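One structure is given here, and the rest of the page talks about it.
Side chains included, hydrogens not; waters and symmetry mates left out as well; all remaining heavy atoms used. Nothing here was measured: the structure is a model prediction, and the numbers come from that model.
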Amino acid sequence: MECVCAEFEVREAVSGDVPAIRSLTERYVAEGRLVVKPPVAYYESLPDFLVAATPGGELIGCGAIHVMWRDLGELRTVATAPGWQGRGVGHQLVDALIARARHLGLGRLFCLTFEVAFFSAHGFAPIEGIPVTPAVYEELLRSHDDGVAEFLDLARVKPNTLGNTRMLLQL
């Protein structure tokens, strides 16, 4: 999955990208816009990530797709370097992540965000309740992933979700 633009390319992340991904996300973690994760979590989820990089190799954006269920995934950890905001990096990443979700056979993408207008521009809409069957809900309760808990709107992750909007995209 690669998208080459004039100023940057979107590509699959490699293990050497993890320190730069963590650096990109630190600001958003400090602002309470992303959840803090230990370094091992980034390495464990590396196959989920796409990155945006300049021709010189500087990472200027990242994002991931986490598969939650047969037809459901979460778009997560979308971050753009401050000097690159407003230049299409985030939009290119999200478009590439949506294409990846379709390739994986997902029918819906969830995100938890403060950036409602940005994600609305990609077709995401706010949701209320839990848009899965009771049987799937019971299965998802077995997950230890905080993103799944946020999707399920569980009380244990309420500090992570305050002020965020739960959104869903039908693919």
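- Residues Phe114 and Leu34 fall into different hydrophobic clusters, defined by Ile, Leu, Val, Met, Phe, Trp and Tyr side chains chained together at heavy-atom separations under 4.5 Å.
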Can you list, pair by pair, the side-chain donor-acceptor contacts under 3.5 Å of residues 116-127, counting residues two or more places apart and other chains?
{"unit_1": "Ser120", "atom_1": "OG", "unit_2": "Val116", "atom_2": "O", "d": "2.8"}
{"unit_1": "His122", "atom_1": "ND1", "unit_2": "Asp95", "atom_2": "OD1", "d": "3.1"}
{"unit_1": "His122", "atom_1": "NE2", "unit_2": "His91", "atom_2": "ND1", "d": "2.7"}

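- Expressed to the nearest 0.5 Å, how far CZ of Arg70 lies from CG of Leu104 amounts to 14.5 Å.
- With contacts defined as side-chain heavy-atom distances shorter than 4.5 Å, the pair Cys111/Glu74 does not qualify.
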message: Would Arg87 and Glu7 count as a salt bridge (Lys or Arg N to Asp or Glu O under 4.0 Å) here? Give the steps.
response: CA-CA 9 Å; Arg87 294 169 68 179; Glu7 297 182 276; 2.4 Å; yes
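- Phe8 and Trp84 have perpendicular rings, their planes meeting at more than 60° on a 0 to 90° scale where under 30° would count as parallel.
- Using a 4.5 Å heavy-atom cutoff, the side chains of Val148 and Glu139 are not in contact.
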- prompt: So Thr25 and Cys62, side-chain contact (heavy atoms from CB on, under 4.5 Å) or not? Walk me through it.
  reply: CA-CA 9 Å; Thr25 61; Cys62 65; 4.1 Å; yes
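- Two residues are said to be in side-chain contact when any heavy atoms from C-beta on lie closer than 4.5 Å; Pro131 and Phe151 meet this criterion.
- In this structure, the side chains of Gln85 and Val89 stay at 4.5 Å or more apart for every pair of heavy atoms.
- Contact check for Ile21 versus Phe49: side-chain heavy atoms found under the 4.5 Å cut-off.
- For the atom pair CD1 of Ile65 and CD1 of Ile98, the computed distance is 7.5 Å after rounding to the nearest 0.5 Å.
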- prompt: Can you check side-chain contact (heavy atoms from CB on, under 4.5 Å) on Arg11 and Leu50, steps first, answer last?
  reply: CA-CA 5 Å; Arg11 62 169 173 76; Leu50 296 179; over 6 Å; no
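- Follow the hydrophobic side-chain contacts under 4.5 Å out from Tyr43 and you never reach Val67; the two are in separate clusters.
- Asn164 contributes atom CG, which lies 4.0 Å from atom CG of Leu112 (distance to the nearest 0.5 angstrom).
- Of the possible polar contacts, none joining the Arg76 side chain to the Gly63 backbone as a donor-acceptor pair under 3.5 Å is found.
- Checking side-chain atoms of Tyr28 against main-chain N and O of Thr77 turns up no donor-acceptor pair under 3.5 Å.
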- request: Report the C-alpha separation of Leu93 and Val51 in whole Å, then their side-chain angles, then the decisive distance to 0.1 Å, and conclude whether the side-chain contact (heavy atoms from CB on, under 4.5 Å) test is met.
  value: CA-CA 7 Å; Leu93 277 164; Val51 295; 5.6 Å; no
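- For the atom pair Glu115 CD and Met167 CE, the distance stands at 10.5 Å (nearest 0.5 Å).
- By the salt bridge (Lys or Arg N to Asp or Glu O under 4.0 Å) test, Glu31 pairs with Arg27, Arg33, sequence neighbours left out.
- Checking side-chain atoms of Arg166 against main-chain N and O of Gly129 turns up a donor-acceptor pair under 3.5 Å.
- Between Val132 and Leu72, some side-chain heavy-atom pair lies under the 4.5 Å cut-off.
- Between the CD atom of Glu12 and the CG atom of Leu46 there is a distance of 9.5 Å, given to the nearest 0.5 Å.
- Cluster annotation: Leu106 is connected to Leu169 through the hydrophobic network of ILVMFWY side chains, with a link wherever side-chain heavy atoms come within less than 4.5 Å.
- Counting heavy atoms from C-beta outward, Glu26 and Val29 have side chains that stay 4.5 Å or more apart.
- Side-chain N or O atoms of Ser143 include none that pairs as donor or acceptor with a backbone N or O of Leu140 at under 3.5 Å.
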task: Carefully, step by step, assess His66 and Leu109 under the rule side-chain contact (heavy atoms from CB on, under 4.5 Å).
output: CA-CA 9 Å; His66 177 75; Leu109 271 182; over 6 Å; no
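- The line from CD1 of Ile60 to CD of Gln92 is 10.0 Å long, rounded to the nearest 0.5 Å.
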